Novice: 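Can you keep this structure in mind? I'll have questions shortly.
Atoms within a ligand are numbered from 1 in the order they appear, just like the ligands themselves. Reckoned from all heavy atoms, side chains included, excluding hydrogens, waters and symmetry mates. Remember, it's a predicted structure, so these values are computed and weren't measured experimentally.
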Amino acid sequence: MAARRLLLLGGTAEASAIARALAGDPAWAVTTSLAGRTSSPRRPPGELRVGGFGGPAGLAAALGAGGYDVLVDATHPFAARMRWHAAEAAAAVGVPRLRVERPGWAEGPGDRWRRVPDLAAAAGAVAAGPWAKVALTVGRTELAAFAAAGRPGRSWVVRSIEPPAEVPPGPVEVVLGRGPFDRAAERALLADHAVDLLVTKDSGGPDGKLAAARALGLDVLVVDRPPSPPGPLARDVAGALAWLAGLVGRSSGPGAQAAAR
Ligand code: NAP
């Protein structure tokens with residue numbers, strides 16, 4: 001039987017892991033799609049395309065023109081738009097679609113979290129709060145939200161993969177790095193810069209910075225995730241592979257399940 005053509009919307013560790021897991025599997029021909037936000041992305045195995053599709057209609061056209069059989073949307077938990085485009089495009093061309101989204105973080109004993117619905121609310125809380133050294137790990141393209149959150153005596157630590165174009169007002173130290181970062185490195189970052197507030201999106205995955213903040217007794221603003229369309233959802237790579245295996249009439253082993261919501 002001919003390989004099924006899978007379009008994998010990526011930009012996450014999970015998408016890369018799915019591409020690696022299916023590399024060499026004769027049942028699947030995988031094309032990973034990246035938005036092109038980072039200049040030197042890690043290249044997954046299989047085919048790669050880079051750049052937007054031009055909205056849901058463009059994605060639907062690409063699905064049709066590429067002869068794709070399946071769409072897996074493994075974009076980041078905070079990639080707010082692409083999941084809706086994926087749902088609309090897949091429905092328009094009648095292609096099965098799976099959303100892959102890792103679980104968010106949960107507050108535990110010793111945490112000093114405040115949840116906020118979005119970055120604007122995070123910026124409002126920072127502006128109104130007492131903190132002198134604020135660490136922002138929200139992505140370099142989202143820093144404009146904090147433009148009005150500066151005040152005398154407040155400085156910032158911004159961590160991002162590439163240098164940000166825009167930074168909040170006041171003294172700013174930019175720390176470049178690509179995660180995951182372990183707890184010791186996160187603790188060193190927060191302690192060495194005398195951070196008293198960490199602002200993070202609820203990205204899920206390795207939680208080194210949250211563990212470090214807990215150990216240091218720091219306040220944390222946790223930005224909630226944007227909403228997702230209904231439909232099949234896998235919480236991890238195993239769940240995604242199980243869902244895909246089901247499409248080709250295979251079992252992928254125990255414990256690998258995609259949940260419907
Ligand atoms: P977004 O708001 O959901 O998408 C904005 C636009 O970028 C989409 O309308 C689409 O353009 C294009 N796009 C997004 N993901 C794409 C993909 N995988 N392949 C091709 N085009 C894509 O997403 P975003 O927040 O800008 O994130 C962009 C990418 O970075 C995503 O792939 C995501 O997985 C990754 N990422 C995001 C974050 C984050 O915090 N937002 C963190 C880590 C990684 P068209 O409408 O022209 O098709």
Novice: Going hydrophobic residue to hydrophobic residue with side-chain gaps under 4.5 angstrom, can you get from Leu136 over to Leu176?
Specialist: yes
Novice: Distance under 4.0 Å to a non-hydrogen atom of Gly52: what atoms of ligand 1 satisfy this?
Specialist: 11 (O), 21 (N), 45 (P), 47 (O), 48 (O)
Novice: Looking at ligand 1, does any of its N/O atoms fall within less than 3.5 Å of an N/O of Ala74?
Specialist: no
Novice: Would you say Val157 ends up clustered with Leu198 if hydrophobic residues are merged whenever their side chains have heavy atoms under 4.5 Å apart, either directly or through other cluster members?
Specialist: yes
Novice: Students should be able to answer this: which protein heavy-atom is nearest to atom 41 (N) of ligand 1, and at what distance?
Specialist: Phe78 O, 3.3 Å
Novice: Go through ligand 1 atom by atom and flag the ones less than 4.0 Å from a non-hydrogen atom of Gly10.
Specialist: 18 (N), 31 (C), 32 (O), 33 (C), 34 (O)
Novice: Could you tell me whether His76 and ligand 1 have an N or O pair separated by under 3.5 Å?
Specialist: yes
Novice: Between the side chains of Glu166 and Arg140, is the shortest nitrogen-to-carboxylate-oxygen separation below 4.0 Å, so that they form an ion pair?
Specialist: no
Novice: Among all protein heavy atoms in this structure, tell me which lies nearest to atom 48 (O) of ligand 1, with the distance rounded to 0.1 Å.
Specialist: Phe53 N, 2.6 Å
Novice: For atom 23 (O) of ligand 1, grab the closest protein heavy atom and report residue, atom and distance to one decimal in Å.
Specialist: Ala79 CB, 3.3 Å
Novice: Please indicate whether any nitrogen or oxygen in Arg49 is less than 3.5 Å from any nitrogen or oxygen in ligand 1.
Specialist: no
Novice: Return the residue, atom name and 0.1 Å-rounded distance of the protein heavy atom closest to atom 2 (O) of ligand 1.
Specialist: Arg81 NE, 3.3 Å
Novice: Which ligand 1 atoms are under 4.0 Å away from a heavy-atom of Lys201?
Specialist: 39 (C), 40 (O), 41 (N)
Novice: Determine, using the 4.5 Å side-chain heavy-atom cutoff (strictly less than), whether Val222 and Leu216 are members of one ILVMFWY cluster.
Specialist: yes
Novice: Quick check for you: to the nearest 0.5 Å, what is the distance between Leu244 atom CG and Arg4 atom CZ?
Specialist: 10.0 Å
Novice: Which heavy-atom pair separates Ala149 from Ala127 by the least distance, and what is that distance?
Specialist: CA-CB, 3.9 Å
Novice: Within the 4.0 Å heavy-atom shell around Gly51, which atoms of ligand 1 are there?
Specialist: 20 (C), 21 (N)
Novice: For ligand 1, does Ala15 get within less than 4.0 Å through its side chain, its backbone, both, or neither, judged by non-hydrogen atoms?
Specialist: neither
Novice: Are Arg178 and Phe181 in a cation-pi setup, meaning NZ or CZ lies under 6.0 angstrom from the ring centre and within 45 degrees of the ring axis?
Specialist: no
Novice: Go through ligand 1 atom by atom and flag the ones less than 4.0 Å from a non-hydrogen atom of Ser33.
Specialist: 17 (C), 18 (N), 19 (N), 20 (C)
Novice: Who's the nearest protein heavy-atom neighbour of atom 3 (O) of ligand 1, and how far?
Specialist: Met82 N, 2.7 Å
Novice: Can you find a non-hydrogen atom of Gly139 under 4.0 Å from ligand 1?
Specialist: no
Novice: What part of His85, side chain, backbone, both or neither, has a heavy atom within less than 4.0 angstrom of ligand 1?
Specialist: side chain
Novice: Nearest to atom 35 (C) of ligand 1, what protein heavy atom do you find, and at what distance?
Specialist: Gly11 O, 3.9 Å
Novice: What I want to find out is whether Lys201 reaches Asp224 closely enough, with some N-O distance under 4.0 Å, to be called a salt bridge.
Specialist: no
Novice: Not counting sequence neighbours, list each pair that qualifies as a side-chain hydrogen bond (donor to acceptor under 3.5 Å, both in side chains) and has a residue in residues 88-97.
Specialist: none
Novice: Counting only heavy atoms not in Arg102 (residues, nucleotides, ligands), do more than 12 fall under 6.0 Å from its CZ?
Specialist: yes
Novice: Under 4.0 Å from a heavy atom of Arg37: which atoms of ligand 1 are those, numbered in the order shown and with their elements?
Specialist: 5 (C), 6 (C), 7 (O), 26 (O), 28 (C)
Novice: In ligand 1, which numbered atoms sit nearer than 4.0 Å to a non-hydrogen atom of Gly55?
Specialist: 45 (P), 46 (O), 47 (O), 48 (O)
Novice: Below a 4.0 angstrom heavy-atom separation, can you tell me which part of Leu59, side chain or backbone, both or neither, approaches ligand 1?
Specialist: neither
Novice: With Thr75 as reference, evaluate Arg99, Arg83, His85 under the side chain to side chain donor-acceptor pair (under 3.5 Å) test and give the passing residue.
Specialist: Arg99
Novice: Are Val116 and Trp156 connected in the hydrophobic side-chain network, where two residues link if heavy atoms are under 4.5 Å apart?
Specialist: yes
Novice: How far is atom 29 (C) of ligand 1 from the closest protein heavy atom, and which atom is that?
Specialist: Ala35 CB, 3.7 Å
Novice: Please state which protein non-hydrogen atom is closest to atom 47 (O) of ligand 1 and give its distance, to 0.1 Å?
Specialist: Gly54 N, 2.8 Å
Novice: For the hydrophobic clusters of this structure (ILVMFWY residues joined by side-chain heavy atoms under 4.5 Å, transitively), does one cluster hold both Val30 and Leu7?
Specialist: no
